[in-house]
Amino acid sequence: MKIITSISIILIMFISTITSCTPSEVKPPPDEITVQLKWLHQVQFSGFYMAQEKGYYADENIKVTFLEGGQDIDLGQRIISGQADFAVLSPDEILMKRSQGAPLTAIAAIYRRSAAVFVSRADSGIVRPQDFLGKTIAASGSMDFQVKLPAMMKKLGLDISKVNVVPFDTNYVAFVDGDVHVTGTFATAGLIRLREKGLKLNLIWPSDYGIHFYSDSLVTTDKMISENPELVTRFLRASLKGWQDAISDYQQAVATTLKYATGVYADQQLETAMMEALLPLVHTGEDHIGWMKPEIWQGMYDVLLDQGLLAEPFDVNQAYTLRFLEEIYGSKPR
Amino acid sequence: MKLAAKLTIVFALLAIVPIAIVGYVSYDNGKRAIEQETINHLISTNLLKSSEMDRWIDDNKRDLESMAQRPLVRQYTAMLATHDTSAPAYFEARTSLIEEHFKPRMEIAGGFTELFVMCPLHGIILASSDEKQEGKYRDTQPYFIEGKTGSYVQGVYYSVTLQQPAMTISTPVKDKQGNLIAVMGGQLDLNELSEIIALQSGMSQTEDTYLVNTFNFFVAEPRFGKDYALRKAVRTEGVEAGLSGKDGTGYYDDYRGVPVVGAYLWLPEYQLVIITEVDEAEAFAPVVRLGWTASGIGAIALILAVLAGWFVAVTITRPVRRLVEATEDVGRGNLERKVVTTGKDEISDLSRSFEQMTKNLRETLVSRDKLAEEVAERKQAEENLKQTMADLERSNAELERFAYIASHDLQEPLRMVSSYTQLLERRYKDKLDADAHDFIGYAVNGAKRMQQLINDLLTYSRVGTRGKPFESTDCEAVLNAALANLQVAVSESGAVVTHDLLPTVKADEGQLVQLFQNLLDNAIKFHGKEPPRVHVSAEKKDDEWVFSVKDNGIGINPQYFERVFIIFQRLHREEYRGTGIGLAIAKRIVHRHGGRIWIESELGKGSTFYFALPVIKQGKE
């Protein structure tokens, strides 16, 4: 018994000695990175919180700090200036900044369906863009609607000038009052609130009329990609794993989000409804989570270029890369 | 432990081992059979459901294809594809297509929630049973892209437009020359699919069949979930195994966390896994019941075995107990106790042997009783003897005391008689005549003789009362002392006394001198015409010294051998002096020393007096 004990002690000491000499066992200090979110903490970013809380970032030896977005915050500038290493941005912003020479590259599309949708009252008879002619539509002031509405109209050969475009109002006052016939909204946010008010609505999706846009996409700088591609892979892998978990168990995702959320978003019922709405936009039933298609990027680029929102034409393929997705998933989309 | 308890336990053990083995084996077999049956059922359910799903999809696909080939449908579709939406012909064709073909098909056969045609260029929906869908672009949808070249089934995906899961079939619409006019599509009614998949074939309370896509999402609604389709992911062992392209079965926790038996089947055609599960609790309820049944039968068999064991034990132990009771009874002395035996087994044999033994014991006891009686009688006799001896001793002692006292007390009056008679003779010698002198002489003589008799009697009695303790005594010295006392008689008679070497014995020396003196005196006294010759010798025989005093005297008639030892008995009153006390005293002395005395003699041929004394025991003093 004593012999066994002493042998095991010696073995343990020996093993600990050799392992402590092995460089691979010594963890280097974690890479500290900052992630700029598109908006305030809410379920929209639940996958990132899941990755953080479940220790997926820690497993990759990354220490992540989240920065909330806000009304007056230039998200693109945050990452360009180096205040953030990664950012959750809409693809149109990525493309516009890129056209201005900002070295931004999308590495994954978290929301592969845009939550942006136009709604009319169910009894209004407005069911398709053709019905928009001569109507008042709240769309300007928001990139999501300001870009998509004319793009959609143009695709259908409709004259945008026959539409009375008014500023988008997040409180939908004029729409509820009936002064505005159609308003842009988000399936993950405004639509829920409108339905809560008891309104019966027709949904007119830009994607049904040839306007395919990604929404929240993960972006980083060209410098990060060239200098530290391995960190990009680690961060993306952990983030996608977090998103996979968020989708698998969205109730846990909501609970995790509530650790971060404050103000109006610290509301379990609201967050749950939003989560249920955003689930299909993330997983879509097609391809891997985060997967991107060149034709969609091309389509988005074409729309923005057509509307003169890009400073200079450029090769759209520079604005995104499948490299990290393929490294994580393999080259097959699903 | 009692025999009955032992036997019962042995029976129980003998029963329990085979029962346990048989019970376990049958339980195990039953369990395997039930498990296999359950698994087979789940697998066959999967196969059945997937083939039903195949058939449902195929039926709908064929319907769509046949509809796309209808001449009128081609005609209307061609009109839609070639005319502007505002043209009356367009409107007419659209209405006809929807009212005459799409809606009847949907209303009669179901299967589709929407039927529509798309223009071959941009995938714009030209006409749809759901008016709201018209004008929408389907150019990026796989069902449009694939549907241009052939029939295509797009597996379950999330339709943003419909805001629900969807499954779409498409097929090309071609003109007579085979040119593509349009693509016809149909949205399958997934509720119908869910119903087909979920429809329970049996009475099971928990059997659950559902579809899961490659994102781990439910496609068809599971039994215990609502609105799970493409909203809820499921990551059970069965799903993961199925998604890795395997077909099989397993035991795991399902999406509710309940342990289930599940079968999974990968459907590569639709990129779906079909899963059929049933709660282990329900599936194995028959196993549990079987276990209880086996245990119950085992318990009953065990009870029967115990009862049988108990019965046998009682059958065996009852006669044994009876025997034991009889033994105890016999042990207490009741030899009349009988053991009733009728059987032919070993116990009965034992009983019979016991019976025989009891019988023998009875007989033995009878002889023993006789023996005891005899012993008692002997003891009584011994007792009596002792009593007699004691009486004898007492009377002897009294007699001795009497003799001593009498002789002593007799001396005094006798001396008075003797002395006054002698005084009378001396004082009146001259005044008395001759006769008076004679008379006085007679009286004095009589008194003297009386005195002599009394002295002898006193001596005789003193042998018993005045004896000294026994000490080592040299018989040579004793003989010399005796001869010294007889010096006068020896010299007068001219006797010659010889002797052999004499031993040392344990004796009262004074009495021993007296003994020798008396015997020698007799030997010298009773001589014939020749001078006496006396020889003394001693011889050791066994544990006693036999002394002999042999003479050549007148001898004794053997008829008087006893008489000579009696006190005052005299054979020769006239010829020889004496009172007849010598041999009586000799005998008394020998007896006091634990010896014996006897005579060998023939009249006229001398006599030999023998006496025997015990040899001194060495070291025992």
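Below, chains carry the letters A, B, ... as their sequence lines are ordered, and counting in each starts from 1. Reckoned from all heavy atoms, side chains included, excluding hydrogens, waters and symmetry mates. All figures in this text were calculated on a predicted structure; none of them were measured in a lab.
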**Study point:** A/K54 NZ: over 12 foreign heavy atoms closer than 6.0 Å
**Key:** yes
**Study point:** Distance, nearest 0.5 Å, that separates CG of B/D139 from NE2 of A/H212
**Key:** 4.5 Å
Review point. Would you find more than 12 non-hydrogen atoms of other residues, nucleotides or ligands less than 6.0 Å from A/K135 atom NZ?
Key: yes
Check your understanding: Out of B/R235, B/E131, B/H122, which one racks up the most heavy-atom pairs below 4.5 Å with chain A?
Key -> B/R235
Review point. Using non-hydrogen atoms only, which part of A/Y209 is less than 4.5 Å away from chain B: side chain, backbone, both, or neither?
Key: both
Point to revise | Heavy-atom pairs under 4.5 Å with chain A, option from B/P142, B/G155, B/G123, B/G135 with the top count | key: B/G135
Point to revise | Neighbour count above 12 (heavy atom, 6.0 Å) for B/Y252 OH | key: yes
Check your understanding: Which answer fits A/L156, side chain, backbone, both or neither, if we ask what part of it has an atom under 4.5 Å from a heavy atom of chain B?
Key -> both
Review point. Does atom CD of A/E326 have more than 12 heavy-atom neighbours, drawn from other residues, nucleotides or ligands, at distances under 6.0 Å?
Key: yes
Exercise for review: Can you establish whether the number of heavy atoms outside A/K197 located under 6.0 Å from its atom NZ is more than 12?
Suggested key: yes
**Study point:** Minimum heavy-atom distance A/R128-B/Q133, with the two atoms named
**Key:** NH2-N, 4.5 Å
Review point. What part of A/E295 lies closer than 4.5 angstrom to a heavy atom of chain B: side chain, backbone, both or neither?
Key: neither
Review point. Would you say A/Q298 has more than 12 foreign heavy atoms packed within less than 6.0 Å of its CD?
Key: yes
Exercise for review: Would you give the length of the straight line joining atom CG of A/D208 to atom CD of B/E134, rounded to the nearest 0.5 angstrom?
Suggested key: 13.0 Å
